[in-house]
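Everything quoted here is computed from the prediction, not taken from an experiment.
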Amino acid sequence: MKIIKIALVLLIALLFFNFKDKDHPKPVIYLVGDSTVKNGKGDGAGGLWGWGDFIGQFLDTTKISVQNHALGGTSSRTFQSKGLWEPVYNKLKKGDYVIIQFGHNDDGPLNDTLRARGTIKGIGEETQEIDNMLTKKHETVHSYGWYIQKIVKEVKSKGAIPIICSPIPRNDWAAGKVPRNDKSYGLWTKQIAEKENVTFIDLNAIMALKMDTLGESNVTETYFYKRDHTHTSAKGAVMSATSIIEGLKASDNPLKKYILDNPKIILPAKKKIYLIGDSTMANNGNNPNAVGWGVAFPKYCDTTRIEVINKARGGRSTRTFVKEGLWDMVKNQLKPGDFIMIQFGHNDAGAIDKEKFRGSLKGNGNETQQVVRDSITETVQTFGWYMEKFVKEAKEKGAIPIVLSQTPRNEWPNDKVERRADSYGGWSKIAAENTGAFFIDLNELVALKYEQLGKEKVNTFFPKDHTHTGIDGAIFNAETVAESLKKIRKIGLEEYIILPKK
């Protein structure tokens, strides 16, 4: 009987808590704003993210949830006129939160055929009647502050809690500082917050101070991109979200009780590009007279989203890269979606059965040669066979192989840069064709550029010998590789490549 009573008590308690949870679901934080809150679909396309994509990682989402309703291109006016605010308003319940951030697009024209999204500057009650050239409807346009205040009032009418943020700073610099908007949209958001007695987070000022501390060179290409001074990278979006959290902690807003003490921030996983090859690609122990282009290549990559892993090794041929286990070490690290660039040829012409024992058989065939060294018999394959092995096994791992012909030497027979299109360059191309890999004829591309520069200039690229470049030559070759990756869109790396403006 006692057991039955205990079971009944537990059942009643369980039912009570179930009903309680249904009657009182956890509160929701609704985010409304522009592309700096959610860029595009919020999937990081083009490397751009909004702070709304990461702020949930700072919060205890077992007790509160986040819904990001921001939309790129909207202003405080068009977010409402397009009907984006209405579904948020309709779902609001007592105890929910709405974080509001607009301003980047409010400075546009009030009326045009492109976007017609601007608002009247300030927080006043003045209006302007327009026949909207875009929507073909008559419209009364209000001030920026009026639209922000309208959202705030409607949030409060539902018993929800509004939080206003000033717009994030742009990556513009003047005299080593990031300009603030404390005399425009930052000021006007603050004034509305004071007028409505709601929490104000000066996101613009908090984040701008962080950027000032880091300095322009450290901010650009890490938190923002040179190509875009408004939209943040993933790291920039986390910086924005961190600034909001700091603002919340300093406020008396009840939302801060949901902030995690030690949040674990997870950035989007980077794509990886592996490089395998010889000294013309490798690091070479930081030797200034022998710098492989792989050393300079990362400067042309968006390293906030992609990681370059240079596994090239000086003195290696296709054969020795396999024989020494270097290929197996790379292969075992490959994951689906990784890229691998493969370039050999300079050392494969060496002796097959003496000296460094690194030569491979010529061509792309299946012929072999048995070589005995230190009582160990090795089956040596053709250059093309080894190249195809790299490609096939990379594909088995789900990686995307890119074959490159070898860099040209600083040799000028008949006043033309030496090519090897009928040997290692040609065999590399055939190996790529046989296995369906992408192919970049780096030998031909660089040779053409060398000929345009002339012998005298090209000589400065080769401080040691006719094969190895110094840093200037490495940069030159790396840029040529980057240009090719940008051009061959089917490879899928073009959005990760950053080329200098010319």
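Between the side chains of Gln406 and His346, no donor N or O sits under 3.5 Å from an acceptor N or O. Looking at Asn171 and Trp173, their side chains do bring a donor and an acceptor atom within 3.5 Å of each other.
Counting heavy atoms from C-beta outward, Lys455 and Val458 have side chains that stay 4.5 Å or more apart. Within the 4.5 Å cutoff, the side chain of Pro413 has heavy atoms near those of the Glu418 side chain. Residues Thr135 and Lys82 fail the side-chain proximity criterion, which asks for heavy atoms closer than 4.5 Å. Contact check for Glu451 versus Trp412: side-chain heavy atoms found under the 4.5 Å cut-off.
Considering all non-hydrogen atoms of both residues, Tyr185 and Pro167 come closest at CB-CG, 3.9 Å. Between Leu203 and Ser166, the shortest heavy-atom distance links the atoms N-OG, 3.0 Å. A pairwise comparison of heavy atoms in Met211 and Val219 identifies O-CG2, 3.7 Å as the closest pair. The minimum heavy-atom distance between Gln101 and His104, with the atom names listed, is NE2-CD2, 4.4 Å. Between Thr382 and Asn364 the shortest heavy-atom distance is OG1-C, 3.7 Å. Of all heavy-atom pairs between His468 and Asp465, the closest is N-OD1, 2.8 Å.
Other residues, nucleotides and ligands contribute at most 12 non-hydrogen atoms within 6.0 Å of the CD atom of Glu456. Atom NZ of Lys299 has 12 or fewer neighbouring heavy atoms from other residues, nucleotides or ligands inside a 6.0 Å radius. By the 6.0 Å contact criterion, CZ on Arg373 is enclosed, its count of non-hydrogen atoms from other residues, nucleotides or ligands being greater than 12.
Ion pairing of Arg313 with Glu324 is absent here, as no side-chain N (NZ or NE/NH1/NH2) approaches a carboxylate O to less than 4.0 Å. Using a cut-off of 4.0 Å between Lys/Arg side-chain N and Asp/Glu carboxylate O, Glu444 and Lys429 are scored as not salt-bridged. Ion pair Lys270/Glu307 not flagged as a salt bridge, since none of the NZ, NE, NH1 or NH2 atoms sits closer than 4.0 Å to an Asp/Glu carboxylate oxygen. Remark: Asp212 engages Arg180 in a salt bridge, criterion side-chain N to carboxylate O under 4.0 Å.
In this structure, the separation between CD1 on Ile201 and CD1 on Ile100 is 11.0 Å, given to the nearest 0.5 Å. Rounded to the nearest 0.5 angstrom, Asn105 CG and Arg117 CZ are separated by 3.5 Å. Taken to the nearest 0.5 Å, the SG atom of Cys165 stands 8.5 Å off from the CD1 atom of Ile206. Note that CZ of Phe357 is 7.5 Å distant from CG of Asp374, once rounded to the nearest 0.5 Å.
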query: Going through the distances and angles, do Val481 and Met341 end up as a side-chain contact (heavy atoms from CB on, under 4.5 Å)?
result: CA-CA 10 Å; Val481 174; Met341 293 201 279; 4.1 Å; yes

Item to complete: Starting from the C-alpha separation in whole Å, work towards a yes-or-no answer on side-chain contact (heavy atoms from CB on, under 4.5 Å) for Lys490 and Phe438.
Response: CA-CA 9 Å; Lys490 287 184 179 180; Phe438 294 105; 3.8 Å; yes

Practice prompt. Apply the test side-chain contact (heavy atoms from CB on, under 4.5 Å) to residues Leu442 and Ser484: give CA-CA distance (whole Å), side-chain angles for both, the deciding distance (0.1 Å), then the verdict.
Written response: CA-CA 9 Å; Leu442 188 61; Ser484 298; 5.8 Å; no

(Q) Would Tyr144 and Phe102 count as a ring pair (Phe, Tyr, Trp, His ring centres under 6.0 Å) here? Give the steps. (A) CA-CA 9 Å; Tyr144 169 77; Phe102 290 99; 8.0 Å; no

- Task: Could you give me the CA-CA distance, side-chain angles and deciding distance for Glu495 and Arg227, then say whether salt bridge (Lys or Arg N to Asp or Glu O under 4.0 Å) is met?
- Result: CA-CA 12 Å; Glu495 72 173 78; Arg227 67 179 186 269; over 6 Å; no

Report the C-alpha separation of Lys449 and Glu483 in whole Å, then their side-chain angles, then the decisive distance to 0.1 Å, and conclude whether the salt bridge (Lys or Arg N to Asp or Glu O under 4.0 Å) test is met. CA-CA 13 Å; Lys449 286 186 172 185; Glu483 289 169 349; 2.8 Å; yes

Report task. Take Met207 and Thr232 through the test side-chain contact (heavy atoms from CB on, under 4.5 Å) and record every step on the way to the result. Result -> CA-CA 12 Å; Met207 186 169 168; Thr232 52; 4.2 Å; yes

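Tyr424 and Phe383 have their aromatic ring centers within a separation under 6.0 angstrom. The aromatic ring centroids of Phe476 and Tyr450 lie less than 6.0 Å from each other.
The side-chain hydrogen bond (donor to acceptor under 3.5 Å, both in side chains) test with Thr119 singles out one residue from Thr78, Asp107, Asp106, and that residue is Asp106. Here the options are Tyr274, Phe321, Phe390, the test is ring pair (Phe, Tyr, Trp, His ring centres under 6.0 Å), and the partner is Trp327; only Phe390 passes. Remark: of the listed residues Tyr223, Tyr496, Tyr225, Tyr225 is the sole one forming a side-chain hydrogen bond (donor to acceptor under 3.5 Å, both in side chains) with Thr304.
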